[in-house]
Structures are given as structure tokens and as C-alpha cells.
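Notes follow the structure.
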Amino acid sequence: MKNIILIAAPAAGKGTLSEMLVEKCNYVHISTGDLLRDASREKTELGEKIANMLQNGDLVTDEIVFELLEKRLENKDILNGYILDGFPRTLEQAKKYDELSKKLHIDLGVVIVLDSEYETLKKRIVGRMLCPKCGSVYNTLTGVNTPKVSGICDKCGESLYKRSDDNEESFKNRYDTYLEKTKPLIDYYKEKGNLYFVNSEDKEEMLKSTLEILND
Ligand code: AMP
């Protein structure tokens with residue numbers, strides 16, 4: 001299966017699309033945000049440093065991101081196809097990733113840009129609730145995926161939590177960072193000729209369009 005790089009503003013649907021592709025096509029999902037959140041829970045100086053950067057919505061340094069990513073890509077489970085969610089975030093990272101993929105003999109695959117309106121994104125972030133046990137994602141503002149019982153996971157009954165960076169101020173910061181640092185990647189991959197756009201307002205439509213690209 002083709003490897004996938006997802007480029008998207010915060011809450012544009014990277015996590016949701018990844019979850020559906022894992023279920024439908026057995027993709028391996030690699031989220032640098034998840035790798036960093038795991039690392040931030042370690043009670044070390046590095047863990048605390050990462051936790052602070054995440055809390056403010058700032059980008060974590062390339063040195064840290066690449067160390068975690070390279071370790072993850074050395075795992076053989078990626079050979080059937082993987083989704084990169086949240087990476088690359090900058091032009092610099094994209095260029096370094098080209099080198100890393102050459103070194104590890106990994107194919108770049110396709111790059112998919114997820115498109116949603118600003119107001120949709122804000123509601124998705126500010127209302128987002130997550131299940132720590134099964135990873136299900138809910139929302140209390142958009143009217144889509146509202147938990148049946150407030151604060152409780154429909155699937156496994158666990159108490160839901162909010163990510164510490166899912167607030168309005170951090171959203172604005174993350175969105176501005178996306179415009180400034182990540183959006184330029186669109187031109188970078190357009191030149192390489194492996195770029196596709198997918199509307200991500202509706203999740204079923206988003207999946208359908210993505211499968212069309214993958215089966216092309
Ligand atoms: P995400 O889960 O993709 O929304 O990422 C959450 C946070 O993790 C971001 O706001 C950044 O602080 C950090 N992060 C995730 N991926 C990267 C990356 N590729 N480079 C730098 N920081 C990242």
C-alpha cells in the first residue's frame with residue numbers, strides 16, 4: 001500500500017482519517033504528536049521539556065522529533081504502508097525526511113492535504129474529548145460524535161479527557177503556526193507531483209475521496 005503523508009491544520013481530520021484507514025486497510029498510523037505526548041509523560045528532564053512545548057502549542061525541535069520518528073520507522077510493521085500524521089510540519093522537516101526515507105529505503109508515497117473551514121476547526125478543537133483507553137474521539141460543540149452520556153466513552157465506558165492544548169488560545173497559536181510553517185509544504189510537494197486535496201468537512205466523504213486516491 002502507498003505510504004501517506006497528511007498535511008492539515010489542527011483538527012482538520014488527520015486523526016479521524018487515520019483511524020478509518022487503519023481499520024479499513026490495516027495501515028500503520030504514526031502520529032508525531034502521539035510519539036511526543038508519550039515521550040512527555042516520562043519523568044525526565046527531556047520529558048518535561050517536551051511537555052512544556054506541547055502545552056504552549058509550540059513546535060518541538062527537529063532533533064527530538066527526528067530521534068523519535070527514526071526509531072519508529074525502524075520497526076518492520078511499517079512495511080505494508082503507513083500514515084504520517086502531523087509530520088512533516090515544516091519545509092526543513094520535509095527536506096530532512098526526504099534524506100531519511102532514502103537512508104531507510106522508504107517510498108514517499110502520496111501527500112494528502114485535508115481542507116476544512118476555520119470555524120469548523122475551532123469547534124472541533126475546543127469541544128474535543130478523547131478516550132484514554134480506546135482512543136475514540138468525541139465532540140461537545142459540533143453536534144457530531146457527542147458522547148451519549150456526558151464525559152463518558154460510548155464504546156468502553158471510560159471517563160473522557162481533554163488534551164491540555166485543546167483550548168482556544170492554543171488553537172489560534174497552532175493555526176497560525178500551520179499557516180506560516182506547514183502550508184508552504186503544499187508547494188513543495190506539488191512540485192514533486194504526488195499531492196492531492198481532500199475536503200474533510202464530512203468524514204465519510206473524506207474517506208471515500210482518500211480511497212479513490214489510494215486505488216488510483
Ligand atoms: P498534533 O497531535 O499533530 O496536533 O500535535 C500536537 C503538538 O505536538 C503540536 O502542537 C506540536 O507541539 C507537537 N508536534 C507534533 N508533530 C510535530 C512535528 N512534526 N514537529 C514539531 N512539533 C510537532
Side-chain angles (χ1 to χ4, degrees), residues 3-19 21-22 27-42 46-73 78 82-101 106 108 111-116 118 120-132 135-139 161-186 188-189 200:
N3 292 329
I4 304 172
I5 291 176
L6 293 178
I7 297 183
K14 290 177 286 162
T16 307
L17 179 62
S18 300
E19 202 182 301
L21 291 173
V22 168
Y27 265 102
V28 168
H29 176 211
I30 303 178
S31 147
T32 43
D34 284 347
L35 293 177
L36 289 164
R37 277 184 287 279
D38 286 347
S40 76
R41 281 191 277 273
E42 282 168 25
L46 179 65
E48 263 175 44
K49 197 171 149 198
I50 296 173
N52 278 334
M53 289 188 262
L54 293 181
Q55 178 97 34
N56 297 331
D58 294 332
L59 288 185
V60 174
T61 60
D62 284 0
E63 195 191 344
I64 296 173
V65 172
F66 273 85
E67 192 183 319
L68 294 172
L69 181 67
E70 182 162 356
K71 210 156 131 206
R72 181 63 188 87
L73 291 175
I78 63 146
Y82 63 90
I83 307 163
L84 271 183
D85 160 357
F87 177 93
R89 281 282 224 280
T90 62
L91 216 46
E92 185 90 25
Q93 286 188 357
K95 289 178 185 164
K96 282 192 197 159
Y97 178 64
D98 285 348
E99 288 165 24
L100 179 64
S101 40
I106 289 170
L108 204 56
V111 179
I112 296 178
V113 183
L114 298 181
D115 268 336
S116 272
Y118 180 86
T120 310
L121 301 176
K122 193 164 96 182
K123 279 188 192 162
R124 281 185 188 159
I125 287 267
V126 179
R128 179 155 66 181
M129 301 285 288
L130 302 154
C131 175
S136 296
V137 184
Y138 297 91
N139 199 290
Y161 76 100
K162 254 189 119 45
R163 258 169 54 175
S164 63
D165 55 349
D166 277 352
N167 57 67
E168 196 165 338
E169 197 188 325
S170 170
F171 166 70
K172 205 178 164 312
N173 188 13
R174 283 152 72 195
Y175 190 79
D176 288 347
T177 305
Y178 169 75
L179 291 184
E180 186 197 337
K181 306 248 171 76
T182 310
K183 229 178 155 202
L185 290 179
I186 294 177
Y188 180 74
Y189 288 116
S200 65

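Since the structure is predicted, the reported quantities are computational estimates derived from the model, not experimental observations. Just follow the structure's listing: the first ligand is 1, and inside any ligand the first atom is 1.
Side chain of Ser170 to main chain of Asp166: no donor-acceptor pair is present (N/O by atom type, distance under 3.5 Å, no hydrogens or angles).
A salt bridge is absent between Arg128 and Asp165; no separation between the charged side-chain nitrogens and carboxylate oxygens falls under 4.0 Å. One finds no salt bridge joining Asp98 and Lys95 here, because no Lys/Arg side-chain nitrogen approaches an Asp/Glu carboxylate oxygen to under 4.0 Å.
With sequence neighbours excluded, no residue satisfies side-chain hydrogen bond (donor to acceptor under 3.5 Å, both in side chains) with Glu19. Listed by chain and residue number, nothing satisfies the salt bridge (charged side-chain N to carboxylate O under 4.0 Å, His left out) test with Asp115 (two or more places apart in sequence, or in another chain).
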One line per pair, note the atom names and distance for all nitrogen or oxygen contacts under 3.5 Å between ligand 1 and the protein.
from	atom 1	to	atom 2	distance (Å)
ligand 1	2 (O)	Arg37	NH1	3.2
ligand 1	2 (O)	Arg37	NH2	3.0
ligand 1	3 (O)	Lys14	NZ	3.4
ligand 1	3 (O)	Arg89	NH1	3.2
ligand 1	3 (O)	Arg89	NH2	3.3
ligand 1	4 (O)	Arg163	NH2	3.3
ligand 1	5 (O)	Arg89	NH2	3.1
ligand 1	12 (O)	Asp58	O	2.5
ligand 1	16 (N)	Thr32	OG1	2.8
ligand 1	16 (N)	Gly86	O	3.3
ligand 1	16 (N)	Arg89	NH1	3.3
ligand 1	19 (N)	Gly86	O	3.0
ligand 1	19 (N)	Gln93	OE1	3.1
ligand 1	20 (N)	Gln93	NE2	2.9
ligand 1	22 (N)	Val60	N	3.0

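Identified under the side-chain hydrogen bond (donor to acceptor under 3.5 Å, both in side chains) test for residues 46-57, with sequence neighbours left out: none.
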